[in-house]
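Heads up, the thing below is written out as C-alpha cells.
Fair warning: this is a prediction, and the values are worked out from it, not measured in the lab. Because only heavy atoms are used, hydrogens play no part in the values below, and waters and symmetry mates are left out as well, while side chains stay in. Counting starts at 1 for both ligands and their atoms, in listed order.
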Amino acid sequence: MSRYIEAVWCRPVDRLPIWLMRQAGRYLPEYRAIRERHTFMNMIQTPEIAAEITLQPIRRFGLDAAILFSDILTVASALGSKLEFVEGKGPVIDNPIRTESDLTLLSQTPIRDSLHYVRECIELLQSGPLGNTPLIGFAGAPFTVASYMIQGGSSKDLTLVKRLMLTHPNIMADLIDRLVLATADYVSMQIEAGVDGIQLFDTWAIHLSMPEFEEWVMSPLKAVLNRIRNPRRVPITIFTRGSAVFWNRLATLPVQCLSLDWQVDIKGVAGLAPSHIALQGNLDPMVLTATPTVLSSQVTRILQSAGNRPGFIFNLGHGITPDVPIDMVTRLVEQVQAYQPVYEA
Ligand code: 1CP
C-alpha cells in the first residue's frame with residue numbers, strides 16, 4: 001500500500017506523504033514546452049498528452065501521489081458550456097447560464113460518452129507508467145462548477161452567481177441538480193477506470209454564508225456522495241476555500257479526508273477533528289516564493305502541528321502558482337519526506 005493511501009485511511013506511516021495541488025502546471029518548464037504547442041483543451045482531451053503531464057511532477061520530485069491532469073470544467077463543457085482557456089485570463093465561457101431557457105439548451109449526453117478521454121487517460125496511466133504511485137482522480141463540486149457556468153469565467157466575488165441564487169433560486173437549483181447527476185457519474189466513471197483516490201474541489205464555497213453553504217454546498221455534496229458507485233471503497237477527499245469556517249460541517253460528510261486551505265489554524269483542527277477523518281494541507285503557496293529559511297520554518301510549524309496525527313497528508317492550502325521556483329519545491333518535498341511521525345501509544 002502507498003503512504004498516501006495508508007494516511008488517507010488514518011493508518012500509521014513510516015514517513016509523511018506529500019503531493020501538491022496543481023503539481024502539473026506552468027511552473028514546470030517541461031509543462032510549458034508542451035503548452036507552447038497545444039491549447040489547454042487539446043492537452044486535456046488527448047490521453048497521451050494528459051498522461052505525460054500527469055507524470056512530469058512525479059518524475060521530477062518523487063511525489064507520493066499523482067493527480068490526473070485535467071480540469072474541473074470538463075463537466076461544464078460536457079453539459080454544453082462553450083469553454084475556452086484564454087492566456088492570462090483563465091477559463092472563459094461564452095454561453096453563461098442566466099435564464100431558464102439557457103438551462104433547456106444544456107446537453108443530455110451521458111458524461112461517460114462526452115468525457116471518454118478521461119477514462120482513456122486513467123487506463124493509460126494505470127497500465128504501468130505510474131508504478132506504485134497512487135493516482136488521484138477529481139471533479140469540481142456542483143457549486144463551484146455552477147459558479148463558472150453562471151459567471152462565465154473567473155470572478156473575485158461571484159456577483160452574478162450570488163444575484164442569481166438570491167433572485168432565481170429555482171434556476172440555481174435546477175443547474176445544481178444537473179451537476180449532481182453529472183458529477184456523480186463522472187466520479188463513478190473515474191473509479192471504474194481505476195483511480196486510487198478521489199478529490200472533490202469546492203473552491204468557491206468561501207463566498208457563501210452558513211445557510212447558503214448548507215443549501216448550495218452541503219446538500220449537493222451529500223447527494224453526489226450518495227450517488228457515487230464505489231465498490232472498491234476508493235477514499236474521497238473534499239477541498240474548499242473557506243475551510244476555517246466550514247471544516248467541522250464538512251467533517252460530517254461521508255468522506256475520508258479534508259483538504260484544508262492555507263488560512264486554517266491546522267493545529268486547532270488537528271486537535272478537534274474526528275479521528276477517522278484524515279487531514280491534508282495546508283502550506284500557503286505564496287511561501288514557495290519566499291526564501292528557503294522561511295519555507296523551512298513554515299513547513300516545520302505544520303509538521304509539528306499535524307504531522308504526528310495518524311492521518312496526515314502534506315499539501316498546499318491552494319494550487320501552486322506559475323511563479324514558484326522549482327528548487328523551492330524540491331526543498332519542500334525533501335523536508336516533508338524526511339519527517340518520520342511519532343504516534344502516541
Ligand atoms: O494555461 C494553462 O496552462 C492552464 C492552467 C491550468 C492548469 C494547469 C488550468 C486552467 N487548469 C489546470 C489543471 C488543473 N485544474 C488540475 C490538474 C491537476 C493538478 O495538477 O492539480 C486541477 C485539479 C484543477 C482544478 C481546478 N480548476 C480548480 C479547483 C482547484 C483550485 O485551484 O481552486 C479550479 C477552480 C479550476 C478552474 C481553473 N482552470 C484553470 C484555471 C487557471 C482555473 C482557475 C481560475 C480561477 O481562479 O477562477
At a non-hydrogen distance cut-off of under 4.0 Å, which region of His318 contacts ligand 1 (side chain, backbone, both, or neither)? side chain
Considering only protein heavy atoms, which is closest to atom 21 (O) of ligand 1, and at what distance to one decimal place? Arg22 N, 2.6 Å
Whether Phe246 and Phe213 hold their rings parallel, tilted or perpendicular, with breakpoints at 30° and 60°: parallel
Between Gln56 and Gln23, a side-chain donor and acceptor under 3.5 Å: no
Atoms in ligand 1 with a heavy atom of Ile67 nearer than 4.0 Å: 18 (C), 19 (C), 20 (O), 21 (O), 23 (C)
Check whether any N or O atom of Ala24, backbone or side chain, sits under 3.5 Å from an N or O atom of ligand 1, and answer yes or no. yes
Quick one: does Tyr148 get an N or O within less than 3.5 Å of an N or O on ligand 1? yes
Any side-chain donor paired with an acceptor under 3.5 Å for Asp284 and Gln263? no
Note the single closest protein heavy atom to atom 9 (C) of ligand 1, along with its residue, its atom name and the distance in Å. Phe40 CZ, 3.5 Å
Side chain, backbone, both or neither: Arg35 near ligand 1, heavy atoms under 4.0 Å: side chain
Short list, please: which atoms of ligand 1 are under 4.0 Å from a heavy atom of Phe201? 23 (C), 29 (C), 30 (C)
Before accepting this row, confirm whether a basic side-chain N of the pair Arg15/Asp64 lies closer than 4.0 Å to the acidic partner's carboxylate O. yes
Under the rule for salt bridge (Lys or Arg N to Asp or Glu O under 4.0 Å), what residues qualify as partners of Arg227, not counting sequence neighbours? none
Any idea which part of Pro57 is under 4.0 Å from ligand 1, heavy-atom wise: side chain, backbone, both or neither? neither
Using a distance-only test with no angle check, is there a side-chain donor-acceptor pair under 3.5 angstrom linking Ser188 and Asp185? no
So, does Asp14 use its side chain to make a donor-acceptor pair with the main chain of Arg3 at under 3.5 Å? no
closest protein heavy atom to atom 18 (C) of ligand 1 is Leu68 O, 3.4 Å
Closest approach of any protein heavy atom to atom 25 (C) of ligand 1, naming residue and atom: Ile72 CG2, 3.7 Å
Determine whether a donor-acceptor pair (N or O, by modelled atom type, separation under 3.5 Å) exists between the side chain of Thr330 and the backbone of Phe61. no
Ligand-residue contact atoms, ligand 1 with Thr203, heavy atoms, under 4.0 Å: 29 (C), 30 (C), 31 (C), 33 (O), 35 (C)
re atom 3 (O) of ligand 1, the protein heavy-atom contact at minimum distance is Tyr31 OH, 2.6 Å
Looking only at protein heavy atoms, which one is nearest to atom 45 (C) of ligand 1, and what is the separation? Ser154 OG, 3.3 Å
Mark the output for Ile44 as yes if a heavy-atom distance to ligand 1 is under 4.0 Å, and as no if none is. no
Per-atom contacts, ligand 1 versus Gln23 - under 4.0 Å to a heavy atom: 19 (C), 20 (O), 21 (O)
Salt-bridge criterion met for Arg119 and Glu123 (N-O under 4.0 Å): yes
If hydrophobic clusters are built from ILVMFWY residues whose side chains come within less than 4.5 Å, do Ile277 and Leu253 share one? yes
Would you call Arg59-Glu30 a salt bridge at under 4.0 Å N-O? no
Are there over 12 heavy-atom neighbours, none belonging to Gln126, within less than 6.0 Å of that residue's CD? yes
Using a 4.0 Å heavy-atom cut-off, which part of Thr144 comes near ligand 1: side chain, backbone, both, or neither? neither
Please state which protein non-hydrogen atom is closest to atom 16 (C) of ligand 1 and give its distance, to 0.1 Å? Ser70 O, 3.4 Å
Among non-hydrogen protein atoms, atom 11 (N) of ligand 1 lies closest to Asp71 OD1, 2.8 Å
Taking non-hydrogen atoms only, is Glu87 closer than 4.0 angstrom to ligand 1 via side chain, backbone, both or neither? neither
